[in-house]
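Because the structure is a prediction, the values reported are computed rather than measured.
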Amino acid sequence: MWGWTRRACGKITHSSCSPVRCPAEGARCQEHSGQDQFDNLDKHTQWGIDFLERYAKFVKERIEIEQNYAKQLRNLVKKYCPKRSSKEEEPRFTTCLAFFNILNELNDYAGQREVVAEEMGHRVYGELMRYSHDLKTERKMHLQEGRKAQQYLDMCWKQMDNSKKKFERECREAEKAQQSYERLDNDTNATKADVEKAKQQLNLRTHMADENKNEYAAQLQNFNGEQHKHFYIVIPQIYKQLQEMDERRTIKLSECYKGFADSERKVIPIISKCLEGMILAAKSVDERRDSQIVIDCFKSGFEPPGDFPFEDYSQNIYRTISDGTISTPKQEGMKIDSKTTVGKAKGKLWLFGKKPKGPALEDFSHLPPEQRRKKLQQRIDELNRELQKETDQKDALIKMKDVYEKTPQMGDPGSLQPKLAETMSNMDRLRMEIHKNEAWLSEVEGKVAARGDRRHSSDINHLVTQGRESPEGSYTDDANQEVRGPQQQHAHPNEFDDEFEDDDPLPAIGHCKAIYPFDGHNEGTLAMKEGEVLYVIEEDKGDGWTRARRQNGEEGYVPTSYIDVTLEKSSKGAVTYI
């Protein structure tokens, strides 16, 4: 404990005082009064409070660093998080999913930094500020008590000192009176009255000196008692309280140091889980799955093109002429009907040369078969979910209506009728949409399944009929490519060289009627109006497209589901696609 020790002069002073020469008797130095050590303790306790507040400022700045760090991490996560407006834009690749999982873990990590800042602010900084305020109040009270005790001791010392000085003064006056009386008493020339007067003065001064002596003795006794009480009871108690206060401050700082570290240590397990989550996200990357997603995304459903057949143009050179005369030239009346053949083909038409510029079609017929099937299936699933919601809403409205009918005070049953009618209408509309999309889906699935067989049989017929000769040695075309006209046309010998310059137009194998209008924005497609009749020059190969020609000779592909096709009986029989 901050204590006191006795000096050589008998005075009490603080144990930390250095031994010095005691001043002259009657003088009371600051060192012996303990005032110097009281001031030192005042400075020390003030330093302790300043140090505590400095540490609190340090914690506050650390809290701001944690808060800014967490804020910057959250802004970083927000910056790189995907902004998707629909389910179609959701990430599917494992690399993207892993990165987004890492962003989520980083966002949780930022939250833990905020927890650290909050814990430090509540457990350390807030506690320090409250304790600093209480510490200042307690210190001020102890210092005031010490100053009051010192002031009271100083007052007692002044009273004792005054009585001592007065007693000393009266003693000197009494000595003077005694000397004056003795001088007059020994003087023969002095009158009796003078002697008597000097005697009375001596008695008066002696009596006053005795009274001042008694007062001085009382004041001295009182001062000694108060001084003993001051240095042995009051001041040690105040110093003890200051010592306990300073020790509590030291303990509080120790607890805050520990709390500062515990605030970080508490979140370490959660931060470790966040880091483990990032590692698991990195391990979840699957290159084969990503490759399969790419395959599924861009899978068209089209089959690779078959081998081109050999076209033998030498048959016209070696064919036999039965009558030994030059074949009859073409007559004007034997010309091919303008509806079936139109001039020379200007070029090849490619269906999927460019992406469609116009809006997506309702049945997704602008997409490849496999992608079209996926889109239709997704739409059917969405429509079924909407239908289920409407069904649940209808059941809820019916139950509410029954309750209103049984308990009229709860509501009017008629007020639910408009909503119920709207729900039923929505259900009917959704059912029609589902039926229509299911029809398109079954059409796509049926054509994709039959594509291989139909294409295979078409290739076989093509290979078999190529280069077929008549009994007379004349060249005949495939039955699927016969020309609609009065009679079969024979190739003119003079037109042999023209076959190497331009391709002849394909002959018509049937006709079709447009059920729905088609814009034909894509390159290689043919626009048509509802009810328009076109010539079919190449049937659907399973990809959902039919090649057709207008009467003016314009050719292109049209969706098979948009037309009603009728093939000539001479080709493959009457077949209708709806």
Side-chain angles (χ1 to χ4, degrees), residues 302-303 305-306 309 335-353 361 363 365-366 369 440 443-444 446-448 450-451 453-462 464-466 476-489 503-578:
F302 295 123
E303 294 182 4
K335 289 184 179 179
I336 299 175
D337 188 359
S338 60
K339 295 182 179 180
T340 58
T341 58
V342 186
K344 305 291 183 180
K346 295 182 178 180
K348 299 293 183 180
L349 301 177
W350 300 101
L351 179 59
F352 300 105
L361 299 177
D363 61 348
S365 58
H366 62 286
W440 288 334
E443 175 189 348
V444 174
K447 289 185 177 181
V448 170
R451 173 179 171 82
D453 296 338
R454 289 179 11 186
R455 186 181 183 94
H456 179 70
S457 61
S458 175
D459 291 343
I460 292 176
N461 293 333
H462 182 74
V464 170
T465 55
Q466 280 292 338
T476 58
D477 294 332
D478 188 352
N480 292 337
Q481 298 178 351
E482 291 178 359
V483 181
R484 294 181 60 196
Q487 59 185 10
Q488 184 178 353
Q489 303 297 322
D503 294 334
D504 290 333
L506 296 175
I509 60 175
H511 63 277
C512 63
K513 182 178 180 180
I515 304 175
Y516 308 105
F518 179 64
D519 295 334
H521 291 293
N522 297 347
E523 183 180 355
T525 59
L526 182 65
M528 62 181 180
K529 299 179 181 179
E530 183 179 355
E532 185 178 359
V533 178
L534 305 173
Y535 294 100
V536 178
I537 59 176
E538 185 179 336
E539 62 178 318
D540 188 358
K541 299 298 184 182
D543 54 5
W545 296 89
T546 301
R547 191 171 179 180
R549 179 195 298 134
R550 281 202 182 91
Q551 293 184 3
N552 59 2
E554 185 179 359
E555 296 181 2
Y557 287 93
V558 295
T560 306
S561 58
Y562 279 47
I563 58 176
D564 182 6
V565 182
T566 301
L567 299 179
E568 296 294 338
K569 294 182 179 180
S570 58
S571 59
K572 284 189 177 181
V575 181
T576 303
Y577 297 91
I578 301 176

Distance (rounded to the nearest 0.5 Å) between Ile509 CD1 and Arg547 CZ: 11.0 Å
Criterion side chain to side chain contact (heavy atoms under 4.5 Å, CB included) on Trp545 and Thr525, from CA distance to verdict: CA-CA 9 Å; Trp545 296 89; Thr525 59; 4.1 Å; yes
Reported CD-to-CD distance for the pair Glu532 and Gln551, which is rounded to 0.5 angstrom: 9.0 Å
Spacing of CZ belonging to Arg549 relative to CG belonging to Leu534, to within rounding of 0.5 Å: 11.0 Å
Partner set under side chain to side chain donor-acceptor pair (under 3.5 Å) for Glu530, not counting sequence neighbours: none
Closest non-hydrogen atom pair, Ala514 against Ile563: CA-CG2, 4.1 Å
Minimum heavy-atom distance Val558-Ala548, with the two atoms named: CG2-CB, 4.4 Å
Distance in Å, Leu526 CG paired with Tyr557 OH, rounded so as to fall on 0.5 Å steps: 12.0 Å
Exercise: identify the closest heavy-atom pair between Met528 and Tyr562: CE-CB, 3.6 Å
From CD (Glu538) to OG1 (Thr546), nearest 0.5 Å: 9.0 Å
